[in-house]
A.B. asks: 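Okay, handing you the structure first.
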Amino acid sequence: MLSAESAAVVRATLPAVAGALDEITTRFYGAMFRDRPELLDGMFNRGNQASGDQRRALAGSIAGFATALLADPDARPDALLARIAHKHAAVGVTDDQYTIVHKYLFGAIAETLGDAVTPEVAAAWDEVYWLMAGALIGREARLYQDAGVEPGRIWRQWTVVERRTETPEVVSFLLRPADGRPAQRTRAGQYVSVRVRMADGVHQLRQYSLSSDPGRELRRITVKRVAGTAGDPDGEVSNLLHAQVREGDRLTLSAPFGDVFLDERADAAGPLVLVSAGIGCTPMTGILAHLEANASPRPVLVLHADRSPADHALRTETHELVEQLPGARAVFWYERPGAEEPGAHEGLMDLSGVELPDGAMVFLCGPLPFMREVRAQLLGAGVPARRIRYEVFGPDLWLPGGAA
Ligand SMILES: Cc1cc2nc3c(=O)[nH]c(=O)nc-3n(C[C@H](O)[C@H](O)[C@H](O)COP(=O)(O)OP(=O)(O)OC[C@H]3O[C@@H](n4cnc5c(N)ncnc54)[C@H](O)[C@@H]3O)c2cc1C
Ligand code: HEM
């Protein structure tokens, strides 16, 4: 619980700290990676560092947590903490590292705000940091335990048993544990981190949703090649996977994590709406495949938007799964329709003519502008915010706005 004295100080200084967060987090990462370069090798994503997205996500989360504490000193904003804890577990964060982050973060705060950081101000923000760290450490410990791994020891070797081209930009890799032991339990909708060594020797991690039924012995990821635009470089890990990984090769994968998954408790057996755009179809296909494998009678509405049928990864498989499920149907939108999908709509996703099942749980995944637009349409159609779960394929810059 945030003490009353600290709450008063945090309230008074939140605008100044929030206003300087970009500078604080830039200095923080700069100093931390200078002193602890090993964290950039095999833990932090250097693409997100370059774009500044990770910095903004960290800053936004701390400001969001402080704001929640001011409204309720006992607050533990679940959506915010769950998202971060799952991501932390998927990159192998351990509790001792919170002291390292604390040192560099508070060094950066003192450097940026100078004399404004009196001992009282430092102590109040210290309290916020450790309340948040404590909540995350507790959640991460439980996640590691549930996954059956030691904290931070998340890696395992997998063999690529098949590489399949899905579209000109997308390939799938079907994987089996290289040690022959069973795959860990996974929930439909979750992701793994893939750890690869880049040409310069530095290890990089990226997350990929499982696009197959997680109950099976084989596991599949489906990867879109990210092309650089407007002078930005090509995505490094997706291009490496496309260019170099073939059948018979080994890949290093983390245990599966992710806070957006299919709830299979008996009291959560209502209708589902799976909404995606582009490569955001991957967790939806995993969920559909899981429902199909369990002959689920749940009503399922699959809504997907893409550039064209030829760009729509896992399109045929989606049709096949929907046909196998008695309560499922699919509606597609294409900016450039094609003869392969005569029943599809032309243009961007527009839910005005779509009948949404009452009381449905909605899963949403795709580019942020798409999710913002569709979420607004869903809310407009009367779907309560708490029934919309979303997955962001990058640092979540949406959380502080309270989308969940
Ligand atoms: C939970 C989750 C699930 C995901 N599931 C999937 C999935 O199922 N399938 C899938 O294909 N992807 C998925 N992703 C996305 C995936 O993790 C990667 O982000 C994606 O493959 C791009 O990684 P990359 O290394 O190729 O690109 P990066 O090298 O990380 O680059 C990403 C972007 O940053 C830009 N950039 C990089 N360096 C710089 C620089 N110096 N200056 C300016 N811009 C720069 C690049 O141009 C590019 O646009 C998921 C992500 C998350 C978080
Ligand atoms: C209270 C302290 C911390 C806070 C508030 C915090 C916050 C965050 C947030 C908001 C994200 C982005 C989540 C998302 O993808 O949406 C994140 C990711 C991450 N965090 Fe933390 N974090 C903390 C401590 C740590 C520690 C101790 C480490 C280990 C050194 C760490 C390493 C990482 C890494 C490696 C990622 C993924 C980065 C990426 O993929 O770009 N964090 N954290």
Side-chain angles (χ1 to χ4, degrees), residues 25 29 32 36 38-40 42-66 80-81 83-105 128-137 140 152 166 169-172 189-194 196 198 204-211 220-242 257-260 276 278-286 313-314 365 391-400:
T25 49
Y29 282 118
M32 187 167 77
R36 308 291 299 247
E38 75 277 11
L39 292 175
L40 258 190
M43 187 160 225
F44 280 88
N45 170 333
R46 59 185 177 185
N48 289 341
Q49 288 302 321
S51 69
D53 282 357
Q54 164 61 19
R55 209 162 55 227
R56 282 187 284 276
L58 176 93
S61 77
I62 295 177
F65 188 75
L80 178 80
L81 294 170
R83 160 97 195 172
I84 302 171
H86 277 273
K87 182 62 85 63
H88 278 171
V91 297
V93 170
T94 47
D95 54 6
D96 52 304
Q97 292 170 329
Y98 281 86
T99 318
I100 304 174
V101 164
H102 176 267
K103 174 178 161 191
Y104 290 100
L105 188 58
V128 172
Y129 177 87
W130 285 114
L131 280 173
M132 192 167 187
L136 288 170
I137 289 169
E140 287 153 24
E166 305 285 0
E169 299 294 321
V170 177
V171 292
S172 286
Q190 289 193 303
Y191 56 80
V192 292
S193 294
V194 174
V196 291
M198 306 310 301
Q204 284 288 287
L205 317 182
R206 296 292 183 271
Q207 287 73 43
Y208 294 99
S209 300
L210 296 172
S211 63
R220 187 179 67 181
I221 58 170
T222 301
V223 180
K224 179 178 175 181
R225 198 182 74 79
V226 173
T229 47
D232 289 342
D234 287 347
E236 54 177 344
V237 173
S238 61
N239 279 278
L240 180 145
L241 295 172
H242 273 245
F257 295 102
D259 61 315
V260 180
S276 55
I279 196 62
C281 62
T282 52
M284 308 306 169
T285 314
L314 309 172
C365 187
E391 187 62 272
V392 184
F393 278 5
D396 190 352
L397 303 177
W398 214 12
L399 269 173

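Keep in mind the model is a prediction, meaning the values are calculated, not measured. Values reported hereafter were calculated over all heavy atoms of this structure, with side chains retained and with hydrogens, waters and symmetry mates removed. When a ligand or atom number is given, it counts from 1 through the structure's own listing order.
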A.B. asks: For ligand 2, which atoms have a heavy atom of Lys87 less than 4.0 angstrom away?
C.D. replies: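 Answer for ligand 2: 14 (C), 15 (O).
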
A.B. asks: For atom 6 (C) of ligand 2, state which one of Asp259, Leu58, Thr99 supplies the nearest heavy atom.
C.D. replies: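 Going through Asp259, Leu58, Thr99 one by one, Leu58 has the nearest heavy atom to atom 6 (C) of ligand 2.
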
A.B. asks: Can you find an N/O atom of Arg83 closer than 3.5 Å to an N/O atom of ligand 2?
C.D. replies: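 For ligand 2, there is an N or O atom that lies under 3.5 Å from one belonging to Arg83.
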
A.B. asks: Given Val128, Ile84, Val101, identify the one with the heavy atom nearest to atom 9 (C) of ligand 2.
C.D. replies: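 Ranked by closest heavy atom to atom 9 (C) of ligand 2, first place is Ile84.
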
A.B. asks: For Val237, which part has a heavy atom under 4.0 Å from ligand 1: side chain, backbone, both, or neither?
C.D. replies: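 Within the 4.0 Å criterion, Val237 contacts ligand 1 through backbone and side-chain atoms alike.
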
A.B. asks: Quick check on contacts: which atoms of ligand 2 are under 4.0 angstrom from a heavy atom of Met43?
C.D. replies: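 Near Met43, the atoms of ligand 2 are 35 (C).
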
A.B. asks: For atom 34 (O) of ligand 1, find the nearest protein heavy atom and state the residue, atom name and distance (0.1 Å precision).
C.D. replies: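 Closest protein heavy atom to atom 34 (O) of ligand 1: Gly47 O, 4.5 Å.
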
A.B. asks: Return the option from Arg83, Gln190, Arg206 holding the heavy atom at the smallest distance from atom 30 (O) of ligand 1.
C.D. replies: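 That would be Arg206.
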
A.B. asks: Quick check on contacts: which atoms of ligand 2 are under 4.0 angstrom from a heavy atom of Ser61?
C.D. replies: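 Answer, ordered by atom number: 5 (C), 7 (C), 10 (C).
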
A.B. asks: Near Val93, which atoms of ligand 2 are under 4.0 Å from a heavy atom of that residue?
C.D. replies: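 Here the atoms of ligand 2 in question are 26 (C), 28 (C), 29 (C), 31 (C), 32 (C).
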
A.B. asks: Pick whichever of Ala313, Gly235, Pro233, Gly280 has a heavy atom sitting closest to atom 46 (C) of ligand 1.
C.D. replies: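 Ranked by closest heavy atom to atom 46 (C) of ligand 1, first place is Pro233.
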
A.B. asks: Does Glu391 approach ligand 1 within less than 4.0 angstrom via side chain, backbone, both or neither, non-hydrogen atoms only?
C.D. replies: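 Just the side chain.
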
A.B. asks: Which of the atoms of ligand 2 are close to Asn48, meaning less than 4.0 Å from one of its heavy atoms?
C.D. replies: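 With Asn48 as reference, the close atoms of ligand 2 come out as 39 (C), 40 (O), 41 (O).
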
A.B. asks: For Tyr208 and ligand 1, does the shortest N/O to N/O distance drop below 3.5 Å?
C.D. replies: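 Yes: some nitrogen or oxygen of Tyr208 is under 3.5 Å from one in ligand 1.
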
A.B. asks: Any non-hydrogen protein atom below 4.0 Å of atom 32 (C) of ligand 1?
C.D. replies: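 So atom 32 (C) of ligand 1 lacks protein heavy-atom neighbours under 4.0 Å.
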
A.B. asks: Hey, is the main chain of Gly258 close enough, under 3.5 Å, to the side chain of Gln190 for a donor-acceptor pair?
C.D. replies: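 Checking the backbone N and O of Gly258 against the side chain of Gln190, a donor-acceptor pair under 3.5 Å is found.
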
A.B. asks: Not counting sequence neighbours, which residues clear ring-ring contact (aromatic ring centres under 6.0 Å, His included) with Tyr98? List them please.
C.D. replies: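 So Tyr98 forms no ring-ring contact (aromatic ring centres under 6.0 Å, His included) with any residue.
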
A.B. asks: What part of His88, side chain from CB on, backbone N/CA/C/O, both or neither, has a heavy atom under 4.0 Å from ligand 2?
C.D. replies: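 Within the 4.0 Å criterion, His88 contacts ligand 2 through side-chain atoms alone.
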
A.B. asks: Run down the list Met132, Arg36, Gln54 and name the one with the heavy atom closest to atom 18 (C) of ligand 2.
C.D. replies: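 Residue with the shortest heavy-atom distance to the ligand atom: Gln54.
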
A.B. asks: Is ligand 1 under 4.0 Å from a heavy atom in the side chain of Asn48, in the backbone, in both, or in neither?
C.D. replies: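 It is neither part, as no heavy atom is under 4.0 Å.
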
A.B. asks: Taking Lys87 first and then Glu140, would you say they form a salt bridge - that is, a charged N and a carboxylate O separated by under 4.0 Å?
C.D. replies: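 Here Lys87 does not pair with Glu140 in a salt bridge, since their nearest N and O are not under 4.0 Å apart.
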
A.B. asks: Give the atoms of ligand 2, by number and element, whose distance to some non-hydrogen atom of Val91 is under 4.0 Å.
C.D. replies: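 Reading through ligand 2 atom by atom, the close ones are 34 (C), 35 (C).
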
A.B. asks: Counting heavy atoms only, which part of Phe393 comes closer than 4.0 Å to ligand 1: side chain, backbone, both or neither?
C.D. replies: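 Both backbone and side chain of Phe393 come within 4.0 Å of ligand 1.
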
A.B. asks: Test your reading of the model: is there a side-chain donor-acceptor pair from Asn239 to the backbone of Val226, 3.5 Å cut-off?
C.D. replies: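 Confirmed, Asn239 side chain pairs with Val226 backbone.
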
A.B. asks: Quick one: list whatever passes ring-ring contact (aromatic ring centres under 6.0 Å, His included) with Tyr129, sequence neighbours left out.
C.D. replies: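 Scan of Tyr129 (ring-ring contact (aromatic ring centres under 6.0 Å, His included), adjacent residues dropped) gives His102, Phe106.
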
A.B. asks: Within a distance under 4.0 Å of any heavy atom of Val223, pick out the atoms of ligand 1 and give their elements.
C.D. replies: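 Listed by number with element, the hits are 11 (O).
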
A.B. asks: Should the proximity of Ile62 to ligand 2, defined as any heavy atom under 4.0 Å, be assigned to the side chain, the backbone, both, or neither?
C.D. replies: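 Side chain only.
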
A.B. asks: Is there a protein heavy atom at a distance of less than 4.0 Å from atom 52 (C) of ligand 1?
C.D. replies: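 Under 4.0 Å from atom 52 (C) of ligand 1, at least one protein heavy atom found.
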
A.B. asks: Which protein heavy atom lies closest to atom 40 (C) of ligand 1, and at what distance to 0.1 Å?
C.D. replies: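 Closest protein heavy atom to atom 40 (C) of ligand 1: Ala50 CB, 3.4 Å.
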
A.B. asks: Counting from 1, what ligand 1 atoms have a heavy atom of Thr282 closer than 4.0 Å?
C.D. replies: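 So the answer, numbered in order with elements, is 7 (C), 8 (O).
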
A.B. asks: Could you check whether Tyr29 and Gln54, counting side-chain N and O atoms only, form a donor-acceptor pair closer than 3.5 Å?
C.D. replies: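 Yes.
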
A.B. asks: Please classify the Gln97 to ligand 2 contact at 4.0 Å (heavy-atom distances, strictly less than): side chain, backbone, both or neither.
C.D. replies: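 The part of Gln97 near ligand 2 is both the backbone and the side chain.
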
A.B. asks: In ligand 1, which numbered atoms sit nearer than 4.0 Å to a non-hydrogen atom of Val392?
C.D. replies: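 Heavy-atom distances to Val392 below 4.0 Å select 52 (C), 53 (C).
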
A.B. asks: Could you see which bit of Ser209 sits under 4.0 Å from ligand 1, with heavy atoms only: side chain, backbone, both or neither?
C.D. replies: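 It is both backbone and side chain that touch ligand 1.
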
A.B. asks: To the nearest 0.1 Å, how far is atom 11 (O) of ligand 1 from its closest protein heavy atom, and which atom is that?
C.D. replies: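 Checked against all protein heavy atoms, atom 11 (O) of ligand 1 sits closest to Lys224 N, 2.8 Å.
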
